[in-house]
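Working notes, beginning with the structure itself.
Per chain, numbering begins at 1; letters A, B, ... match sequence-line order.
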Number of protein chains: 2
Amino acid sequence: MGRRSSIGEGELIEALSRVFRDTGYDGATLSILSEETGLQRASLYHRFPGGKEQMAKEVLAVTESWLTENLFDPLKTDAPIDERVQLLVQKLDALYSGGKQACILNMLSSASDYEGPFACAIKRIFEALIEALSQLATEQGTAKAVGQARAERVVMLLHGSLVLSRGTGSQKPFERFLEALPEELLGRH
Amino acid sequence: MGRRSSIGEGELIEALSRVFRDTGYDGATLSILSEETGLQRASLYHRFPGGKEQMAKEVLAVTESWLTENLFDPLKTDAPIDERVQLLVQKLDALYSGGKQACILNMLSSASDYEGPFACAIKRIFEALIEALSQLATEQGTAKAVGQARAERVVMLLHGSLVLSRGTGSQKPFERFLEALPEELLGRH
DNA sequence: GTCTATAGGAAGATAGAC
DNA sequence: GTCTATCTTCCTATAGAC
């Protein structure tokens with residue numbers, strides 16, 4: 001059990017996520033992680049004996065379950081399809097702060113020792129995201145293959161818009177993506 | 001003037017580009033850069049007194065002029081539009097090795113001290129790319145705003161497909177992007 | 001469970017011989 | 001223009017007190 005001024009488990013992972021998301025794996029030094037969590041290096045090692053690699057792994061694990069509970073599952077209600085697509089738009093807007101923040105999946109893919117530790121979780125999350133969108137896309141009678149293709153395209157547009165927004169220093173690409181999302185996913189041109 | 005066994009200017013920048021593209025800015029240590037170029041640390045500092053930051057800057061500068069000469073300008077011929085779009089597809093396929101390689105713009109955007117040194121060049125290259133595609137898109141009588149939007153979308157899809165291909169460990173997303181590119185850019189649905 | 005202190009090594013960068 | 005050798009700083013990780 002923690003002492004009085006300890007940081008909570010939730011806030012801890014959240015702070016680590018923020019650092020990995022903003023600086024990437026190699027840029028996330030223990031000094032920064034220590035500063036942002038308010039814990040000393042040694043305290044971080046007590047909580048994560050595996051060091052930085054374990055921290056990133058747990059961040060990814062929490063990200064995965066967070067997305068499942070707060071994005072994928074809420075999209076599975078029996079509310080009208082347009083309502084759920086609007087929910088998707090709002091959630092993505094909040095998740096990436098209107099395009100100001102990068103995606104941790106992209107940032108952790110850039111790890112120099114990428115082969116192995118994160119690849120599996122990242123792949124799983126990408127596929128779960130596509131699957132969730134695919135279910136939305138096919139619920140109005142659209143053929144499965146078509147819905148799947150649209151879902152994959154939306155995921156491409158999402159991450160491409162984030163890359164472009166960061167690269168150009170403008171939130172507009174992400175905003176335009178969000179605006180086009182319903183048409184892209186449901187195929188109403 | 002160089003000695004006999006020196007690496008050429010072109011190969012030097014090429015080797016540096018490869019490292020930055022594959023490992024990101026923070027992951028590109030001087031040890032790796034030294035190993036991949038065949039030059040010792042001190043030799044690299046003789047050529048780039050500004051250190052790693054100057055190396056990345058020059059890599060971006062060369063990337064920009066390379067793209068201008070080998071991609072943007074060749075698209076400005078008076079050949080049939082479909083022929084030029086096919087050229088674009090081929091060039092992109094080669095540039096990213098069929099989706100196996102990441103984009104250096106995305107990888108250098110992830111630098112921990114991103115503010116400043118690279119932001120400007122990266123932004124310029126993104127805009128030049130969009131502009132080049134926009135010209136292609138509007139040459140068949142399409143409205144300027146529509147062509148611009150399509151060009152931006154193609155750039156999003158390009159980078160999104162690269163992110164997705166790396167994240168899932170499959171070249172298919174990039175391949176599907178290349179296949180859809182002509183329709184996306186010219187709007188023939 | 002958190003801390004201070006420190007080990008041990010790799011990072012970026014420089015000096016000076018050739 | 002390239003090298004070996006070195007400097008300083010920062011890194012990851014551990015030891016041990018509280």
Side-chain angles (χ1 to χ4, degrees), chain A residues 1-17 19-20 22-60 62 107-108 110-118, chain B residues 1-20 22-60 107-108 110-118:
Chain A
M1 298 289 268
R3 286 268 263 297
R4 48 189 172 145
S5 67
S6 298
I7 191 177
E9 168 79 7
E11 288 112 347
L12 176 55
I13 294 285
E14 205 174 338
L16 297 177
S17 298
V19 177
F20 283 123
D22 293 345
T23 69
Y25 185 76
D26 294 309
T29 67
L30 284 179
S31 302
I32 302 177
L33 292 164
S34 166
E35 196 171 348
E36 292 297 310
T37 57
L39 290 178
Q40 294 294 343
R41 280 176 247 264
S43 304
L44 285 173
Y45 274 98
H46 175 80
R47 173 65 184 76
F48 306 94
K52 227 171 79 165
E53 185 170 315
Q54 187 182 351
M55 295 181 212
K57 273 186 192 163
E58 293 203 18
V59 159
L60 274 178
V62 168
M107 295 303 277
L108 284 182
S110 315
S112 53
D113 59 338
Y114 177 57
E115 312 293 331
F118 318 128
Chain B
M1 299 289 267
R3 289 269 264 295
R4 48 191 174 145
S5 67
S6 299
I7 190 176
E9 169 77 8
E11 287 113 346
L12 176 56
I13 294 284
E14 205 174 339
L16 296 177
S17 299
R18 218 174 28 237
V19 177
F20 283 121
D22 293 345
T23 70
Y25 184 75
D26 295 308
T29 67
L30 282 180
S31 301
I32 302 177
L33 292 165
S34 166
E35 196 171 348
E36 292 298 311
T37 57
L39 289 178
Q40 293 295 342
R41 283 173 177 65
S43 304
L44 285 173
Y45 274 96
H46 174 79
R47 173 66 183 77
F48 305 96
K52 226 171 82 164
E53 186 171 313
Q54 187 182 352
M55 295 183 212
K57 275 186 191 162
E58 293 203 19
V59 159
L60 274 177
M107 295 303 278
L108 284 183
S110 315
S112 53
D113 60 337
Y114 177 57
E115 313 292 331
F118 319 128

Worksheet item: Going by heavy atoms in the side chains, are A:Asp26 and B:Thr23 under 4.5 Å from each other?
Response: no
Worksheet entry | B:Glu58 with B:Arg47: basic N within carboxylate O range, under 4.0 Å | yes
Discussion item. What verdict does the side-chain contact (heavy atoms from CB on, under 4.5 Å) test give for A:Leu30 and A:Leu33, after you've listed the backbone C-alpha separation in whole Å, the side-chain angles of each residue and the deciding distance to 0.1 Å?
Written reply: CA-CA 5 Å; A:Leu30 284 179; A:Leu33 292 164; 3.9 Å; yes
Worksheet item: Within this structure, what is the CG-to-C1' distance between B:Leu44 and C:dA11, rounded to whole angstrom?
Response: 14 Å
Worksheet item: What nucleotide among D:dT4, D:dT2, D:dA15 has an atom nearest to a side-chain atom of B:Ser43?
Response: D:dT2
Fill in: side-chain contact (heavy atoms from CB on, under 4.5 Å) between B:Phe48 and B:Leu12, worked out
CA-CA 11 Å; B:Phe48 305 96; B:Leu12 176 56; 4.0 Å; yes
Worksheet item: Between A:Val62 and A:Val59, does a side-chain contact (heavy atoms from CB on, under 4.5 Å) hold up when you go through it step by step?
Response: CA-CA 5 Å; A:Val62 168; A:Val59 159; 6.0 Å; no
Worksheet item: Expressed in angstrom and rounded to an integer, what is the separation of B:Glu9 atom CD from D:dT2 atom P?
Response: 11 Å
Worksheet item: Can you tell me how far the CZ atom of A:Arg41 sits from the OG atom of A:Ser34, to the nearest 0.5 Å?
Response: 6.0 Å
Worksheet item: So how far is it from A:Met55 CE to A:Tyr45 OH, rounded to the nearest 0.5 Å?
Response: 6.0 Å
Worksheet item: Given atom CZ of B:Arg41 and atom C1' of C:dA11, what is their separation to the nearest angstrom?
Response: 8 Å
Item to complete: Take the C1' atoms of the five end pairs on each side of the helix from C:dG1-D:dC18 to C:dC18-D:dG1, derive the two axes, and give their angle rounded to 10 degrees.
Response: 0°
Discussion item. Near DNA chain D, counting only heavy atoms under 4.0 Å, which residues of residues 45-54 of chain B show up?
Written reply: B:His46
Worksheet item: Between residues 24-40 of chain A and DNA chain C, which residues have a heavy-atom gap below 4.0 Å?
Response: A:Gly38, A:Leu39, A:Gln40
Fill in: Salt bridge present between A:Glu53 and A:Lys57 (N-O < 4.0 angstrom)
yes
Worksheet item: Can you check side-chain contact (heavy atoms from CB on, under 4.5 Å) on A:Leu44 and A:Gln40, steps first, answer last?
Response: CA-CA 6 Å; A:Leu44 285 173; A:Gln40 294 294 343; over 6 Å; no
Discussion item. For the CD atom on A:Glu35, are there more than 12 heavy atoms of other groups (residues, nucleotides or ligands in this structure) within a distance under 6.0 Å?
Written reply: no
